[in-house]
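I have placed the structure first, in the form of structure tokens, so that the comments after it can refer back to it.
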Amino acid sequence: MGEFLKIVFTTEFGYSVLRVTTPILFAALAALITDRAGVINIALEGIMLIAALTGVLFSAWFNSAWLGLIMALIFGLLSGMLIGYFHLQLKTNVILAAVALNLMASGGTIFILYIIAGDKGISSSIASKVLPKIALPLLDKIPVIGPILSGHNVLTYFALISVFLMHFFINKTPLGMRIRAVGENPEAADSVGISVKKTQFIALSLSGLIAAFGGAYMSMGYVSWFSRDMTAGRGFIALAAEAMGGASPVGSFLTSLLFGFFDALSNSLQLLRVPAEFVQMIPYVATVVGLVLYTAAKRKQHQRMLMKVGKKMESEA
Amino acid sequence: MKNKKLAFETLRTILAISISLLIALVTILLVSETPGAALRAFLFGPLSSLRHFGNVLEMMIPLIFTGLAISIMFTAAQFNLGAEGAFFMGAVVSSFAAVQWTLPMVIHPIVSILIGGLTGAVFCGIPALLKVKWGASELVSSLMFNYIALFFGLYLINYYLRDPNAGAMVSYRLAETAKLGTLIPRTRVHFGLIIAALFIVLMYYYTYRTRWGYRTRLTGLNDKFAEYAGIKTASVIISAQLLGGFIAGAGGSIELLGLYRRFSWQQLPGYGWSGVIVAILARRNPAYVPVAAFFLAYLRIGADLMSRQSDVQNEIVAIIQGVMIVLIAAAGFLEKSQYRMVFRDATRDLADSVQPAKEA
């Protein structure tokens, strides 16, 4: 136990929590925007993989990490649009369309990696670029907080900022309000002239774009290469994080942080003599437990509300 | 009318398959320096020898099991994607039975498969229970359970069944009595194929000829209506997923006992996801599952042969599969021509019915 606490209460651990939270947070925000529009997007896993590979390839070709990022974002956006087109125009069940995209991304990235790098596992033969790390001025001088918060990848800071951007976007902008209206009551939204199809298409496209940030971070920040199936279920974990966070940006941020904590823990605990398999299981078990606790609490709250309304009606009658 | 709908659906499926194959052909032509050899290996390789055709049949077996598993769960409109984990855990637990127990010849595999099936049922059943009891999405929790199954299974093997004398991380040898014998000589096709056929018949009967199957289909079509009609939808939802998990788990143990000498998987084998493809190709109908499984197995073996004999990698199958799924699952694909067909038939029927009236 002493050793365990020694691991958790270090600035390195705090730093690594933020580092591993970043991709989950991007994906959770991507899940949020479609969820608010009333569609579930389980293709985040595949979109992140596609973006991760595109980032590596184009950053090497253009010799610029930023251009690599832009290309990754474009491909993410296109993937989101593709899901939107199949779901909304060709009426494919959105889950099946996403399963198809995930399968294609998993095999297709390996296929392309082999053609270009001549290797099916890892892109180390490609001289890809990494997005810069940023030392926060002044903050990095403060003990404890400085080493935890400063010196992260630029996308980690952007992920944190995105939480507030998303909050603003969903709650304050006309498009955000349209998205919420469509998600909460599509018939009502339709009756006031909001196109449900168009709004959901925008939401799916944006979710592809946001997930692509997470994918690009994986291969151009978290590590400096692409390896097969490197997202390892983060796109799926993000769905749970978003659900548990009550589909709100700040809630999703907190739950992503929780999963980041367990993820970092599983990395650190491997130093102790805990069976590695158990440690690797932690984030997934935590996800299920969290999801159940959240939905159960929500259901109870709903029932209590119904009871209240019922009692009120009784007393009025 | 029903026949016409079936014919149209068949046409749609064939067209979707053709389009995806066409995309594959174009890709091969683009990337390969020996496209002729690549195409030949891809399309006709599986037919080139008994051994290769045997590979297709042996690959078909796990696809049939996960295809049936996903079919019954999707029939109940439950998007439980836990067949992957159930398949893996089924193999893990039945390898314990196959290594540690001493049982006579025929009984040993039967017991091992049953235990594997029950394990699978538990793994698909938990997300179902969480959904019915607390409302947690079975989609998300079953995705998590796949990873839990992977790491938990690896833990069990590494800490309780690992053979320290074997070089790699593998289990002890499975007992000879537990193995499924070879069905077709000079291939690796094992008796699992017979068990798979049995499961197909049983699942067809269950889905279309029993009260339970009817309830499952009705619940899948409209759960509120089913509830009003007096069906206990919660128990239908749970039983469909328990059954699906059982089939997937049994499939995992059959794969292990039929083809392996030791438990040696270090990754999820991916048959759960393939089951989704099979179920969609087969339109969730157990009778079509073997056809779909054969087709998919043929594609994969063809691609494997191609990657060995030419410079095109077998991951090209992933592209074919993806295009196939979205096109077949796309209700809007060819929708206009279907409307046109229905409209044409209706006007003709109308004309026919008006004609005799005039004469009279």
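Below, chains carry the letters A, B, ... as their sequence lines are ordered, and counting in each starts from 1.
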For this session: May I ask you to test the B/W273-A/V99 pair for a side-chain heavy-atom distance under 4.5 Å?
Result: yes

Exercise. Are A/N93 and B/F79 side-chain neighbours, meaning at least one heavy-atom pair lies under 4.5 Å?
Worked result: yes

Exercise. How about A/K120 and B/Q313: do any of their side-chain heavy atoms sit closer than 4.5 Å?
Worked result: yes

For this session: Tell me, for B/L139 versus chain A, whether the close heavy atoms (under 4.5 Å) come from the side chain, the backbone, both or neither.
Result: side chain

Problem set entry | Which atoms of B/T27 approach chain A - backbone, side chain, both or neither, heavy atom under 4.5 Å | side chain

For this session: Below 4.5 Å from any heavy atom of chain B, which atoms of A/I40 appear? Answer side chain, backbone, both or neither.
Result: side chain

Problem set entry | Pair A/F278 + B/Y155: ring centers closer than 6.0 Å | yes

For this session: Name the region of B/I280, side chain, backbone, both or neither, that has any atom closer than 4.5 Å to a heavy atom of chain A.
Result: side chain

Seminar exercise, completed: Cut-off 4.5 Å, heavy atoms of chain B, and the answer for A/L103 is both

Exercise. Side chain, backbone, both or neither: which part of A/A232 has an atom under 4.5 Å from a heavy atom of chain B?
Worked result: backbone

Seminar exercise, completed: Counting heavy-atom pairs under 4.5 angstrom with chain A, the leader among B/V276, B/L130, B/L143 is B/L143

For this session: Identify which part of A/F236 has an atom lying under 4.5 Å from any heavy atom of chain B, answering side chain, backbone, both or neither.
Result: both

Exercise. Under a 4.5 Å heavy-atom cut-off, does chain A meet the side chain of B/L81, its backbone, both or neither?
Worked result: side chain

For this session: Write down the atom of A/E277, the atom of B/N158, and the distance for their closest heavy-atom approach.
Result: OE2-ND2, 2.7 Å

For this session: Using non-hydrogen atoms and a 4.5 Å limit, figure out which bit of B/V326 sits close to chain A: side chain, backbone, both or neither.
Result: both

Problem set entry | Closest non-hydrogen atom pair between A/L96 and B/A329, with its separation | CD1-CB, 3.9 Å

For this session: Answer with side chain, backbone, both or neither: which region of A/I237 has an atom nearer than 4.5 Å to a non-hydrogen atom of chain B?
Result: both

Problem set entry | Under 4.5 Å from a heavy atom of chain A, the part of B/I320 involved | neither

